[in-house]
Engineer: 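I have a structure here, written as structure tokens, and I will follow up with some questions on it.
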Amino acid sequence: MVMDRKPWLAHYPPQIPAQLDYPDISLTHFLREAQVSFPHQTAIRFLGKTLSYQQLYLKMQCFAGVLKQMGVKKGDRVALMLPNCPQAVFCYYGILQIGAVVVQTNPLYTERELLHQLNDAGAEIIVCLDLIYPRVKGIRGKTKLREVIVTGIEDYLPFPKNLLFPIIQRFKGVAVQVDYDENQCWKLKTLLAVTPPFQSFESIEPEEDLALLQYTGGTTGLAKGVMLTHANLVANVIQCRSWFYRSSQGQEKFLAVVPFFHVYGMTVGMNLAICLASCLIVIPKFDIPLLLKSIDKEKPTVFPGAPTMYIGLLNHHQLAKYDFSSIDACLSGSAALPLEVQEKFEGITGGRLVEGYGLTECSPVTHANLIWDKRKTGSIGLPWPDTEAKIISLEDGTTLPPGEIGELAIKGPQVMKGYWNQPQETELVFHEGWLLTGDLAYMDEEGFFYIVDRKKDMIIAGGYNIYPREVEEVLFEHPDVLEAAVVGIPDPYRGETVKAFVVYKEGKKASEEELDQFCRERLAAYKVPRQYEFRQELPKTMVGKVLRRSLKGGT
């Protein structure tokens, strides 16, 4: 009976149980266990700098002590606006140690985007990179921020890179002046040096207490805070560990290039690695030459990534000079994985690259193809242990049989608690206890799932989620623009890219370059339209709704 309802279980190898045990723990438990069992194991390698698990654990405790001295209490929200670096790891866990809630913030956000997120979350403390500080300073007076903690990439670089890095930044003209000791602005490295470690742990109720507010967009264009509990995140890590069943505790090396501020990078790139007491090879940004050298030198065994990353590496003209043979397993997320990319990457590594699926509301992973067993091209794979999935009719919400297209609905321990302070939005995405993903899909007779379209108009470019309404609202602000519509169009590198259709006001005509500059001042770079098309009018329904599918068909 269960097999009929969950046909995918027939394809699970013996090493993956259909049901897993989820201990009643906080997410920090994994780091505690790693430092007890492997204190001298390298936890982080960052551009030549290393931290052992013992050292990482101590820094987590010191940062927890910093927050305690600043008056942070259980349930308070603390924002992190950092690229991948050691600070992003120990600050994240330090926040959780005292029962506070992490608010991950994209370092690419403009002041406009940052202001909305900080105010919505009610964050009173932020940890940011020094290069980002001017943006934080620009909006601070409009937020509840009472403390700003600043760090620099050079703080955790080895000698002499730590001395050379600021000089290079000044030479490039990107160095910034930070107002330390003014208006409660502090240097992280100094605070850690003078603050004793906080050695106790706040009592956590994993099922109820939030660990993370992860912001995601919606049809309105305004980002919503997804409430993920400790239990949600612990469950997804344990599910992920079961899928990587050949991984060895204390032996793996994870290439951490997917941003930790992205929920996929956070779970599969950071939390899973720490659960396995692995070495995290931390890469601050997606830089192909740096990535090639890091793979060749550091010999990672696990490489969670996105199709954009694999494509970029495979197309590099010096690829043949580098050794990729250490890579054993890769889980690709954020966008569809082309078959030719999968085959070529497996050819140069000798390892396995499989496609998975998830969404922020699910911590994020719900499906994946089996890494070392049966998989299907074009499929997002099988639901993970304890994860129920079904296809429901868009007309009446009934469950559809195999082969029929409807909306993918999910239920499982990794599914969010709801949207922060938005009970109505939360109610809209749940149907009889099932989370509605907004993706159109079907399941075949064997229980493999396939995404065929997006119910929503979200664009995924290079692994980043882009919501057309948000871009359109910026274009509408331009004095020459009468109407604007934004769609995603195919892109061989980013998967999709942003195209804007614009109707000018009578007698007005801003240049494409002017529109581009206008958007860049108000949006993160990845959201800015890469193509423009100018029209006399936009296709609409009888009630005035723009027909995006018609625009896509005309691209």
Side-chain angles (χ1 to χ4, degrees), residues 79-85 87-88 91-92 102-121 123 126-140 143 148 150-153 169 172 174-176 213-217 221-225 256-266 269-270 282-288 290-291 305-306 308-309 312 333-335 360 458-471 473-475 486 488 491 493-498 516-530:
L80 293 182
M81 196 173 185
L82 298 170
N84 284 10
C85 56
Q87 304 94 303
C91 286
Y92 173 93
V102 176
V103 181
Q104 293 279 26
T105 304
N106 191 332
L108 298 177
Y109 274 175
T110 62
E111 290 186 11
R112 170 194 181 117
E113 296 161 315
L114 179 59
L115 181 63
H116 166 72
Q117 184 170 327
L118 293 179
N119 281 337
D120 187 73
I126 188 170
V127 184
C128 69
L129 197 68
D130 50 8
L131 297 178
I132 294 166
Y133 173 73
R135 273 178 270 159
V136 175
K137 182 180 178 181
I139 55 94
R140 185 174 179 182
T143 71
V148 176
V150 183
T151 187
I153 291 292
Q169 296 297 91
K172 291 180 177 179
V174 295
V176 298
L213 280 185
Q214 188 78 25
Y215 277 76
T216 187
L222 290 175
K224 302 186 293 291
V257 62
V258 180
F260 296 147
F261 60 78
H262 190 290
V263 67
Y264 169 50
M266 178 201 69
M270 181 175 71
V282 177
I283 308 294
K285 64 176 182 177
F286 179 57
D287 177 277
I288 294 176
L290 174 60
L291 208 52
T308 299
M309 295 177 180
S334 298
T360 305
M458 184 177 71
I459 301 163
I460 301 180
Y464 288 111
N465 294 349
I466 302 167
Y467 298 89
R469 177 69 180 273
E470 185 180 14
V471 183
E473 286 178 352
V474 169
L475 288 168
V486 168
D491 182 276
Y493 180 64
R494 301 175 82 203
E496 285 185 301
T497 198
V498 183
D516 183 77
Q517 182 61 32
F518 186 83
C519 288
R520 288 186 182 279
E521 291 171 357
R522 292 161 176 82
L523 293 167
Y526 64 86
K527 299 178 183 178
V528 174
R530 300 296 178 91

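Computed from a predicted structure; not experimentally measured. The chain is numbered in sequence order, starting from 1. Quick note: numbers below take in every heavy atom, side chains included, and nothing from hydrogens, waters or symmetry partners.
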Engineer: Identify, with sequence neighbours excluded, every residue that meets side chain to side chain contact (heavy atoms under 4.5 Å, CB included) alongside V258.
Structural biologist: Y264, M309

Engineer: Do P83 and I153 touch side chain to side chain, with heavy atoms closer than 4.5 Å?
Structural biologist: yes

Engineer: Using a 4.5 Å cut-off on heavy atoms from C-beta on, say whether the side chain of L213 contacts that of D120.
Structural biologist: no

Engineer: From the options T497, I459, I466, select the one residue that forms a side chain to side chain contact (heavy atoms under 4.5 Å, CB included) with Y526.
Structural biologist: I466

Engineer: Any side-chain to backbone donor/acceptor pair from E521 onto T110? Under 3.5 Å, distance only.
Structural biologist: no

Engineer: Does the side chain of Q87 reach to within under 4.5 Å of the side chain of V127, using non-hydrogen atoms?
Structural biologist: no

Engineer: Is it the case that the side chain of Q117 and the backbone of Q104 share a donor-acceptor pair, with hydrogens and angles ignored and the cut-off at 3.5 Å?
Structural biologist: yes

Engineer: Please work out which of the three classes, parallel, tilted or perpendicular, describes the rings of H116 and Y215, given edges at 30° and 60°.
Structural biologist: perpendicular

Engineer: Find the distance between CD1 (I132) and OG1 (T105) and round it off to the nearest 0.5 Å.
Structural biologist: 9.5 Å

Engineer: Rounded to the nearest 0.5 Å, what separation is found between the CD atom of E111 and the CG atom of L118?
Structural biologist: 11.0 Å

Engineer: Could you state the interatomic distance from CG (L131) to OG1 (T151), rounded to the nearest 0.5 Å?
Structural biologist: 10.5 Å

Engineer: Quick check: do R112 and V474 have side-chain heavy atoms less than 4.5 Å from each other?
Structural biologist: yes

Engineer: With rounding to the nearest 0.5 angstrom, report the CG to CZ distance, L129 to R135.
Structural biologist: 9.5 Å

Engineer: Return the CD1 to CG distance between I283 and L290, rounded to the nearest 0.5 Å.
Structural biologist: 5.0 Å

Engineer: Determine yes or no for a side-chain-to-main-chain donor-acceptor pair under 3.5 angstrom, with T143 supplying the side chain and N119 the backbone.
Structural biologist: no

Engineer: With sequence neighbours excluded, tell me which residues meet side chain to side chain contact (heavy atoms under 4.5 Å, CB included) with A306.
Structural biologist: S334

Engineer: Looking only at atom types and distance, does a side-chain atom of E113 sit under 3.5 Å from a main-chain N or O of R522, one as donor and one as acceptor?
Structural biologist: no

Engineer: For N84 and F260, indicate whether the former's side chain and the latter's backbone hold a donor-acceptor pair under 3.5 Å.
Structural biologist: yes

Engineer: Is there side-chain contact between M81 and L114, with at least one heavy-atom pair below 4.5 Å?
Structural biologist: yes

Engineer: For the atom pair CZ (F261) and CG (L80), what is the distance rounded to the nearest 0.5 Å?
Structural biologist: 11.5 Å

